[in-house]
Amino acid sequence: MLKFSNTLSRTKEEFIPIESGKVRMYSCGPTVYNFMHIGNLRTFFFEDILLRVLKYNGYAVKYVMNITDVGHLTADSDTGDDKMEESAREQGKSVWDIAESYTKAFKNDILLMNIIPPDIYTKATDYIKQQIEMIKCLEEKGFTYTISDGVYYDTSKFPSYGDLARLDIKGLQEGARVEFSAEKKNTTDFALWKFSPKNERRQMEWESPWGIGFPGWHLECSAMSKTELGNHFDIHCSAIDHIFPHHTNEIAQSEACNGEKFVNYWIHGDFLDMGNEKMSKSLGNFITLQTLIEKGYSPLDYRYFLLMAHYKKKLKFSIEALDAARNGYKNLRGKINNLKQAVHEEGQVNDSKVEAEKFSEWKNRFSESINDDLNMPGAMAVFWDMLRDEGLSSYEKLNLAYDFDKIFGLNLDKTDVKSSDSEIPEEIKILVNQRNDAKKNKDFKLSDEIRNEIKGLGYEILDKKDSIEIKKIN
RNA sequence: GGUGUGGUACCCAAGUGGCUUAAGGGGAAAGUCUGCAAAACUUUUAUUCGUCAGUUCGAAUCUGACCCACACCUCCA
């Protein structure tokens, strides 16, 4: 049984798709005004796991992710600068160039992290027409009103407003941090269409029945999901910070316009906890995947790190914890390599078989973990236990490992420790041979000296039973 | 002020009433192997789950109080 935590009910629910065997899923993608930091990446990783688990369970998934290339506003929905325009100004580029270059960087990060891309990326600027249509729809049904700076959604007209976030609207109004906009009817009302400032030309602005301007932040997801997935679909995911206001407002827009339920399962991932130093794009102190790569970590080391925690909980990031992940991942690859070698050797002797009972027992244990609200730490524990099971042949273990890796995405089938082949420079090979000779002559002093020399050149020698492995030190 | 989440070993982190007198990984220690290392393999590493009360035959898991962290309350993954 496949179960997910649904933010709507705040409980784990059995997953039942609208259409048997098929899943339609939408996730809120990046706003492309800057690089992704590793916290952002945690969310996309979680969505990747979700996608993989659905596929593993045999569902045909249609997965849509948006790219927000229209700027929101820095301060709140009524004031402040547009982040996209601001970034463009700082870098002396056009907004369109900014969007393109950061979209590219995002897609590259996704690739490096082995995150499966969505079937469709929807760019907000490609769906302006549909967004305008949606405002018209809401206008016709009486959910909108216009004030000096834009067209707004009247949240008081939507009785279940705030249910997703369990909002206490009265408490909100009394809250210290909420500023009233004099013209807004309710604190929670939000912009559907913002007018361009009268004395200023924006780089991104469009004609609309209400005047030149640009769409409100929340509208794009409602319009794009409707276009690509229909009025009612299965899963909508992203991180917890979007529960309010973003998803709350999406529900209000979509359900008011479409007249039917919007999404069955809302699934939200928690943040990466950076400890004292809170990462913030505005402060510029955030860690990107590139930062980690520069420090000598592979993107898959980071992926392994993320696998060690459940998506619903905060994960404490530290270099120490990342090192632990890197070591764990390295050890795992080592074990897989040993299995590969064993299978290779055994394969010539006898036909490798899979013993159905044992095999499916492990598969079941694995499925139980991943289907229980994507319990990756649990699945990893099953993985490590399986590798230690003496009742399994190397062939069976390797097969299970590859099967599990459909979820983990650690490229275990591709792992290859660099060994004595063309990648090793000639001079190193010569030194290795010299050391071998010294060893044969039992001149261990010399052989150790040569080994140190090789080490100084960046290569490590590992003496195996009847072979020598040369490894590049990273 | 409102709402919500969490505090599990040296670090990361599962488990949310009996299968657990608490998974898994990292680290550390010991052993086997080895000329020595490395690798591999084996073993050890929380009588205890923020604190204090309570419910129960039985609690890390439920209830209450308290302490501490964190998040959200219109920038935010």
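Because only heavy atoms are used, hydrogens play no part in the values below, and waters and symmetry mates are left out as well, while side chains stay in. Within every chain, numbering begins at 1; the chains are lettered A, B, ... in the order of the sequence lines, protein sequences first and strands thereafter.
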Heavy atoms from C-beta onward define the side chain here; which of [options] lies closest to that of [X]?
X	options	result
Ala381(A)	C12(B), C70(B), A23(B)	A23(B)
Glu320(A)	C11(B), C76(B), G35(B)	C11(B)
Ala324(A)	C76(B), C36(B), G26(B)	G26(B)

### Message
Quick check: any donor-acceptor pair below 3.5 Å linking the side-chain of Asp448(A) to the base of G35(B)?
### Response
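Flag set: donor-acceptor pair detected.
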Side-chain N,O ([X]) to OP1/OP2 ([N]) below 4.0 Å:
X	N	value
Lys316(A)	A13(B)	yes
Lys313(A)	G6(B)	no
Asn331(A)	G25(B)	no
Asn327(A)	G25(B)	no
Arg388(A)	G25(B)	yes

### Task
Using the P atom on both, measure A13(B) against G18(B) and round to a whole Å.
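That atom pair is separated by 24 Å.
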Rounded to whole angstroms, how far apart are [atom1] on [X] and [atom2] on [N]?
X	N	atom1	atom2	value
Arg333(A)	G26(B)	CZ	P	13 Å
Leu272(A)	C76(B)	CG	C1'	14 Å
His218(A)	C76(B)	NE2	C1'	12 Å
Asn249(A)	C76(B)	CG	P	11 Å
Leu387(A)	A40(B)	CG	P	12 Å
His310(A)	C12(B)	NE2	C1'	16 Å
Asp270(A)	C76(B)	CG	C1'	14 Å

Assess the side chains of [X] and [Y]: does a donor N or O sit below 3.5 Å from an acceptor N or O?
X	Y	result
Asn66(A)	Thr122(A)	no
Asp323(A)	Tyr297(A)	yes
Asp373(A)	Ser5(A)	yes
Asp405(A)	Asn411(A)	no
Tyr56(A)	Asp403(A)	yes

Base, sugar-phosphate or nothing for [X]? Non-hydrogen atoms, less than 4.0 Å.
X	answer
Arg451(A)	base
Leu315(A)	sugar-phosphate
Phe383(A)	nothing
Lys335(A)	sugar-phosphate
His246(A)	nothing
His268(A)	nothing
Asp323(A)	nothing

### Summary
Applying the Watson-Crick and G-U criteria (both distances under 3.5 angstrom) with [ ] for crossing and | for other-strand pairs, one obtains for RNA chain B (((((((..(((.....[.....)))((((((.......))))))....(((((..]....))))))))))))....
### Query
For Gly328(A) and Leu41(A), take the nucleotide of RNA chain B holding the closest heavy atom to each; which residue's nucleotide lies nearer the 5' end?
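Mapping each residue to its closest nucleotide by heavy atoms, the 5'-most match is Gly328(A).
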### Message
Between Phe317(A) and Thr43(A), which residue's closest nucleotide on RNA chain B lies nearer the 5′ terminus?
### Response
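Its nucleotide being nearer the 5' end, the pick is Phe317(A).
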### Task
Mind checking side chain to side chain donor-acceptor pair (under 3.5 Å) for Thr146(A) and listing every partner two or more places apart, or none if nothing turns up?
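Not a single residue meets the side chain to side chain donor-acceptor pair (under 3.5 Å) criterion with Thr146(A).
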### Query
So, do Tyr265(A) and Met25(A) sit near enough that their side-chain heavy atoms are less than 4.5 Å apart?
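No. Closest side-chain heavy atoms not under 4.5 Å.
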### Query
Hey, are the side chains of Val64(A) and Phe233(A) touching, using non-hydrogen atoms and a 4.5 Å cut-off?
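No, too far: nothing below the 4.5 Å cut-off.
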### Whether Trp384(A) stacks on the six-membered ring of G24(B) base, 5.5 Å and 30° limits
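Answer is no, no stack.
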### Query
For the residue pair Phe404(A) and Phe408(A), does the interplanar ring angle fall in the parallel (under 30°), tilted (30 to 60°) or perpendicular (over 60°) class?
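Ring orientation, 0 to 90° scale: perpendicular.
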